[in-house]
Amino acid sequence: MEETTNFIEEAINADLAEGKVSAVHTRFPPEPNGYLHIGHCKALTIDFGTARKYNGLCNLRMDDTNPAKEDTEYVDAIMEDIHWLGFDWDDRFFYGSDYFEKDYEFAVELIKKGLAYVCELTPDQFREYRGDLTHPAISPFRDRPIEENLDLFARMRNGEFPEGKYTLRAKIDLASGNFCMRDPVLYRIKYVEHHRQGTKWCIFPMYDFAHPIQDALEGVTHSLCSLEYEIHRPLYNWVVDNVSVPCKPRQIEFARLNMTYTVMSKRFLRGLVESGKVDGWDDPRMPTLCGLRRRGYTPASILDFCNRIGVAKSDSIVDISLFEHRIREELNETAARRVAVLHPIRVVVENYPEDKTEYFDLPNNPKDENAGTRKVAFTKELYIDAEDFSLDPPPKFFRLKPDGEVRLMGAYIVKYKSCKQDENGNVTEITVTADLESGCGNPTDGRKVKGTIHWVSASDSIESDVCLYDRLFTIENTGAIPEGKTFDDYINPASAVVLHGCRLEKALADAKVGEKFQFVRTGYFTKDSKRDAFLRIVELKDNKPF
RNA sequence: UGCGGAAUUGUGUAAUGGCAGCACGACAGACUCUGACUCUGUUUGUGAGGGUUCAAAUCCUUCUUCCGCAGCCA
């Protein structure tokens, strides 16, 4: 495969060439407050993939500096998902919270250098004093003597003050056009139990302070993150320049993934779970890795997608069809075919013996001869899909129609004879005659039969409900839900539709949860119905595929 | 209005002064015992103006549009 160099690699190449670094070391730093989704996958392939490309290392680090939002529940899930994708961090698994003691020492160092001070503005005052686009901020406590700062900061740690009473702030530039340089908060007081540290700490470092220190302490050379941190880079550099860390990592930003019909916002994904709109984080309609896994996506298809979308700095929205293309391509080569008649309509083969059963061999996968064949029973009474028959066919309708002939896939050619209708005009039963002479070979008289339709035996099949999953959202033009809207405004009512009384071929009765199949469907494919060409069994209901 | 970014076809992404290419999508045709798959073909693009140059997506310049930032979130 052709290898192109993206802008991150160019920057790394330059650092290598100039001798700034001798090897590449990256990190993937999820906050354990939710499950990984397809958007994280892009970051994952960039972080782990770049390290791999340069024979370097990539650490996994739980970014857990805010005890109010994080939970141990997510840590295991995150690790499992990363492993599932095929990435590994060896023994370099860290928690941001493991550095709390170091963070504290570096904060003291800043105070001693006169570069940080304890501020007692309340959150409301803080907002009031921060200035605006053209006016600088005001901070009445930035000239507090060093000794006093040291004392106050130690007492903050000791739990002598209530939440919100004091913060530690960096002394940088109150007039900066970049707001995160206007004496940013470094530490805040929080009396919340930390998922790993318990109640050991009541002051917690902010991301902007903790992250560069974590990177530097771990020997990370390139800290790759998404575009919204670009404006934080000056602060990132300020931190590594002003505390005694062993190295100075370089932050490089890239555009996060947006995809049509998909919402990446963790906040909304959690909302879907908590409101019961979906069954859980691993609902097959969710863009989470565990959801995609249940839906039938494979690590290879996801990784390949991530490599294909490229890395750039411009905001973009990838069309979901590119994502779906990958899994369709893979499953087309690997998934076994099974027949599912979703809207059954009874067919009687008039000239076929009442009590006879024949078994035809159907290929499990026409793409792969090694996949073998399976026996499918043929009897006098069959089911075909309602949409494979039309009393009043449009032009170019190749399926069963009055006076028409079609091939029953893998079995006989049948000719239409008559049909029964109910009082509403719905077709309830079709009578056909089979060309028993031609059998399952080509017509003996050389005539062409254009259409092929799928079918199952009426007696030798199983009846089941089948759940069809579709895109969860109708939202098309963005990766996030606009301000003032909720997912209710965009949720696709047909995202999970249960079809009752479907008929499935017998071989599906033995299917296990998680097995992948293509449910063979013949007939006309639209752009949307192509997506349905590959389904998979995600549940067994009453021991039947669901 | 301050600061930081970004603009290449319907979408995403290459081309780092030298034939604007690739993938997905769309459309047309061929093939087909899945109207799938496969194969062939087609269409559409450098945000705008000016400049430098034999030559500009690329360099300079002016403009336009879009995105992000004023959490004691990450």
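Within every chain, numbering begins at 1; the chains are lettered A, B, ... in the order of the sequence lines, protein sequences first and strands thereafter.
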Asks: Does the side chain of Arg521(A) get closer than 4.0 angstrom to OP1 or OP2 of rG35(B) through an N or O atom?
Replies: no
Asks: Could you check how far CG of Asn364(A) sits from P of rC37(B), rounded to whole Å?
Replies: 21 Å
Asks: With a non-hydrogen cut-off below 4.0 angstrom, is His232(A) in contact with a base, only sugar-phosphate, or nothing?
Replies: base
Asks: Are Phe473(A) and Tyr261(A) close enough that their ring centres sit under 6.0 Å apart?
Replies: no
Asks: Val449(A) near the nucleic acid: base, sugar-phosphate alone, or nothing, with a heavy-atom cut-off under 4.0 Å?
Replies: nothing
Asks: At 4.0 Å (heavy atoms only), tell me whether Ile413(A) reaches a base, stays on the sugar-phosphate, or touches nothing.
Replies: nothing
Asks: With syn defined as a glycosidic torsion within 90 degrees of 0 and anti otherwise, which applies to rG41(B)?
Replies: anti
Asks: Which value, in whole Å, describes the distance between the P atoms of nucleotides rG10(B) and rC31(B)?
Replies: 32 Å
Asks: Between His211(A) and Pro29(A), is any pair of side-chain heavy atoms under 4.5 Å apart?
Replies: yes
Asks: Return the value, rounded to whole Å, for the distance between atom CD of Glu387(A) and atom C1' of rU34(B).
Replies: 13 Å
Asks: Salt bridge between Arg328(A) and Glu333(A), side-chain N to carboxylate O under 4.0 Å?
Replies: no
Asks: As a test of reading the structure: which of rU34(B), rU13(B), rG35(B) is closest to the side chain of Ala312(A), going by heavy atoms?
Replies: rU13(B)
Asks: Among Tyr191(A), Tyr187(A), Phe209(A), Phe100(A), which residue meets the ring pair (Phe, Tyr, Trp, His ring centres under 6.0 Å) test with Phe204(A)?
Replies: Phe100(A)
Asks: Have a look at Ser176(A) and say if it touches a base, only the backbone sugar-phosphate, or nothing, with a 4.0 Å heavy-atom cut-off.
Replies: nothing
Asks: Does Arg337(A) come within less than 4.0 Å of Glu505(A), counting only side-chain N to carboxylate O?
Replies: no
Asks: Each nucleotide in nucleotides 5-11 of chain B should get exactly one letter: B, S or -. Can you fill that in based on protein heavy atoms under 4.0 Å?
Replies: SSS---S
Asks: Kindly say whether, by distance alone, the side chain of His454(A) makes a donor-acceptor pair under 3.5 Å with the base of rA36(B)?
Replies: no
Asks: Can you see whether Tyr359(A) has Lys375(A) sitting over its ring - NZ or CZ less than 6.0 Å from the centre and within 45° of the normal?
Replies: no
Asks: Are any of the side-chain nitrogens in Arg188(A) or Glu163(A) under 4.0 Å away from the carboxylate oxygens of its partner?
Replies: no
Asks: By the 4.0 Å heavy-atom rule, please label Phe126(A) as base, sugar-phosphate, or nothing.
Replies: sugar-phosphate
Asks: Please tell me whether Tyr412(A) and Phe360(A) form a close aromatic pair, meaning their ring centres lie under 6.0 Å apart.
Replies: yes
Asks: Just how far, in rounded Å, is P of rA36(B) from CZ of Arg399(A)?
Replies: 12 Å
Asks: Send over the distance from Asn365(A) CG to rA36(B) P, rounded to a whole Å.
Replies: 17 Å
Asks: Taking the side chain of His325(A) as its heavy atoms from C-beta onward, which of rA74(B), rG25(B), rG35(B) lies nearest to it?
Replies: rG25(B)
Asks: Measure the OG1-NZ distance between Thr288(A) and Lys266(A) for me, rounded to the nearest 0.5 Å.
Replies: 12.0 Å
Asks: Scan Phe397(A) against the nucleic acid and name what it touches under 4.0 Å (heavy atoms): base, sugar-phosphate only, or nothing.
Replies: base
Asks: Heavy-atom count around Gln125(A) CD within 6.0 Å, excluding the residue itself: above 12?
Replies: yes
Asks: For the side chain of Glu10(A), counting heavy atoms from C-beta on, which of rG35(B), rC72(B), rA15(B) is nearest?
Replies: rA15(B)
Asks: Grab the CZ-C1' distance between Phe204(A) and rA74(B) for me, whole Å please.
Replies: 15 Å
Asks: Could you tell me whether Glu70(A) and Arg196(A) have a side-chain N and a carboxylate O separated by less than 4.0 Å?
Replies: no
Asks: Among rU1(B), rA74(B), rA23(B), which nucleotide sits nearest the side chain of Arg308(A)?
Replies: rA23(B)
Asks: Mind checking the C1' distance from rC24(B) to rU43(B)? Whole angstroms is fine.
Replies: 16 Å
Asks: Measure from CG on Asn178(A) to P on rC3(B) and round the result to the nearest Å.
Replies: 11 Å
Asks: Relative to Tyr104(A), does Arg157(A) satisfy both conditions: NZ or CZ under 6.0 angstrom from the six-membered ring centre, and within 45 degrees of the ring's axis?
Replies: yes
Asks: How is the base pairing of RNA chain B summarised as a dot-bracket string, given the Watson-Crick and G-U wobble criteria with both distances under 3.5 Å, [ ] for crossing and | for another strand?
Replies: .((((((..((((....[..)))).(((((.......)))))....(((((..]....))))))))))).....
Asks: Base, sugar-phosphate, or nothing for Pro366(A), non-hydrogen atoms under 4.0 angstrom?
Replies: base
Asks: When the distance from NZ of Lys448(A) to C1' of rU32(B) is rounded to whole Å, what number comes out?
Replies: 9 Å
Asks: Please determine, by modelled atom types, if Ser176(A) and Asn178(A) share a side-chain donor-acceptor pair under 3.5 angstrom.
Replies: no
Asks: I need the NZ-C1' distance between Lys450(A) and rA36(B), as an integer number of Å.
Replies: 13 Å
Asks: Heavy atoms from C-beta onward define the side chain here; which of rG71(B), rA14(B), rC69(B) lies closest to that of Arg127(A)?
Replies: rG71(B)
Asks: Heavy-atom contacts under 4.0 Å between residues 180-190 of chain A and RNA chain B, which residues?
Replies: Val185(A), Arg188(A), Lys190(A)
